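Here is the structure we will look at, set down as structure tokens.
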Amino acid sequence: TGVQTCALPILSRSPQFQDQMKVEAVKQLLLARRARAAGLQVSDEEVQIALMSQPVFLNSAGHFEKERLQAFLVQLNNQGVGETALEEVLRQGLLLEKLQNLMASAAKVTPAAVQQAYVPLNEKVTVEYVQFDVADYKAPVTVSNEMVRSVYEERKESYQIPAKARVRYTEFASTAAPAPQLTEGEIADFYNRYSYRFADSNNVPRPLESVKPAVIAELTALQADRYAADRANDFTQKLSQTPRPDFGQLCAEFHVNITTTDWVSVMDHVPGIVGVPDFALQANRLSAELPISNPLGLSNHYYVLEFVAAQPSRIPPFEEIQAKVADEVKRDLTYLETLKLAAGKADEIKKLVAAGKTFAQACAELKLKLETSVPFTVADETIKLPGGGQIQQDSLRLPVGGVSDMIRTVSGGLVFSVRDRQAPDPADFEKNRDRFAKAIQQRNRQALLDDYFRALVREEQVDFKLPPRRTESDETPAPQ
């Protein structure tokens, strides 16, 4: 028919990914087998409760919506995955969760262990630091044409221009739907089916008369959405006829506009598209043999695409991007020289500190600009410092006055010293004690599960040495 089926994004299928998935599958199989041997089971009711609790199927009020589940199942079916497979994944997860809970008794956390783990992560740390920025490196950096060409050959694949497509498309929007003539029966029926959407703060549905305007608004929006979806489906079905109608003429019959995209790769964002994040991916799946897409979109905006042209991926020749590669090489060399400078200064600072000077005095003697951070903790998710995550980790092992090794940052290098370290607020510790204890217990429980799995692997004599993958050259027969 020339109609493209809409599908979920394709998962990575690299050999490494496939090997990893095989190992994970064996792990799940072994653990599930032992869970069942221990008498653990998951009922159909538990699976349904877990299914209805998935965030993707809940509305803004936190209630399960069957329509969301059905839309998700449609996408799974397009990938060849049925509802039974989805339920089996949930059942397996619940079974392993029960096995973890069974082992939780061996993962108890003492109050002393909680405090011992909490304190280093929540001390208020202040550091002094100096930065060595690429932008401040003024020594000349020269590169030869031979070096640039060598880098081009080495990185050739990274310069590949992805395949691109150009399509034209039309949109069916719910805003174009005519105003519906709702009957009292339709309004009452919709309210009775979805009364939980109109609940008060105590989760009790309000009387219909008090929420009737909201009910009418929701029902009107729903019917407008169905109107747009039905029109998009009708349009696509007409395009599947033989001979296929002209896309432009059919758009005129449906009184919808046509837009032609620029060249887009699968990762590009197409301006003006609403609610279809993989629009460019779907555009690149079309071809002269399969020129029409199914309607794309889940609500209010539906798009039908027609193939126009395609450009294959290509690696530009050296002459085309020589200037770009030369700039990259200069940046790389400047960055390496900056790191070399930073590492040398770090050694000089350490020698001065070892001789009795403070970090600040050492930096002043070397004419380095000293900066001071605001207090932070290792437990903070982010800190506003270049190389922040590495500074957090390194500060754990450094005493007050200690000097770090050179740390790489996006723009160069950095050296820091711990200026001050303050104990956590006891009130904060008491407030977070239970949450922190649960986190430690979960970590310990996962460690126990991992140890248990390794023991199972030894017991079952599982060999994870996957056979080497055959290459095209391996499969080429030797000359006779």
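Computed from a predicted structure; not experimentally measured. Both backbone and side-chain heavy atoms feed into the values below; hydrogens, waters and symmetry mates do not.
- Residues in residues 402-420 take part in these salt bridge (charged side-chain N to carboxylate O under 4.0 Å, His left out) pairs, two or more places apart or across chains: E128-R419, K350-D405.
- In terms of the side chain to side chain contact (heavy atoms under 4.5 Å, CB included) criterion, residue partners of A173 (sequence neighbours excluded) are, by chain and number, E171, T175, H301.
- Partners of R197 according to the salt bridge (charged side-chain N to carboxylate O under 4.0 Å, His left out) rule, which considers only residues two or more places apart in sequence or in another chain, are E65, E218.
- The list of side chain to side chain donor-acceptor pair (under 3.5 Å) pairs with a residue in residues 375-392, not counting sequence neighbours, reads T377-D380, Q390-D394.
- Annotation: ring pair (Phe, Tyr, Trp, His ring centres under 6.0 Å) contacts of Y137 (sequence neighbours excluded): none.
- Residues in residues 315-350 take part in these ring pair (Phe, Tyr, Trp, His ring centres under 6.0 Å) pairs, two or more places apart or across chains: Y152-F318.
- Partners of N122 under the side-chain hydrogen bond (donor to acceptor under 3.5 Å, both in side chains) rule, at least two apart in sequence or in another chain, do not exist in this structure.
- Interatomic distance, K138 NZ to T334 OG1, rounded to the nearest 0.5 Å: 10.5 Å.
- Of the N and O atoms on the side chains of S411 and D133, at least one donor lies less than 3.5 Å from an acceptor on the other residue.
- For N77, the side-chain hydrogen bond (donor to acceptor under 3.5 Å, both in side chains) criterion is met by no residue, not counting sequence neighbours.
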- F247 vs F235, ring pair (Phe, Tyr, Trp, His ring centres under 6.0 Å): CA-CA, chis, key distance, verdict: CA-CA 10 Å; F247 192 87; F235 183 87; 5.5 Å; yes
Atom pairs and distances, side-chain donor-acceptor, residues 352-361, under 3.5 Å, sequence neighbours left out:
| from | atom 1 | to | atom 2 | distance (Å) |
| --- | --- | --- | --- | --- |
| K357 | NZ | E365 | OE1 | 3.4 |
| T358 | OG1 | Q361 | N | 3.1 |
| T358 | OG1 | Q361 | OE1 | 3.4 |
| Q361 | OE1 | T358 | N | 2.9 |

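- Within the structure, the ring pair (Phe, Tyr, Trp, His ring centres under 6.0 Å) test picks out the following pairs touching residues 389-434 (sequence neighbours left out): Y118-F429.
- Considering only residues two or more places apart in sequence or on other chains, E320 meets the side chain to side chain contact (heavy atoms under 4.5 Å, CB included) condition with R314, P316, P317.
- Screening residues 371-395 for ring pair (Phe, Tyr, Trp, His ring centres under 6.0 Å) gives no qualifying pairs among residues at least two apart or on separate chains.
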- Message: Evaluate Q282 against Y169 for side chain to side chain contact (heavy atoms under 4.5 Å, CB included), listing each step before the verdict.
- Response: CA-CA 12 Å; Q282 299 298 337; Y169 66 90; over 6 Å; no
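- Shown here is Q116, whose CD atom has no more than 12 heavy atoms of other residues, nucleotides or ligands within 6.0 Å.
- Salt bridge absent: D136 and K369 never bring a charged side-chain N and a carboxylate O closer than 4.0 Å.
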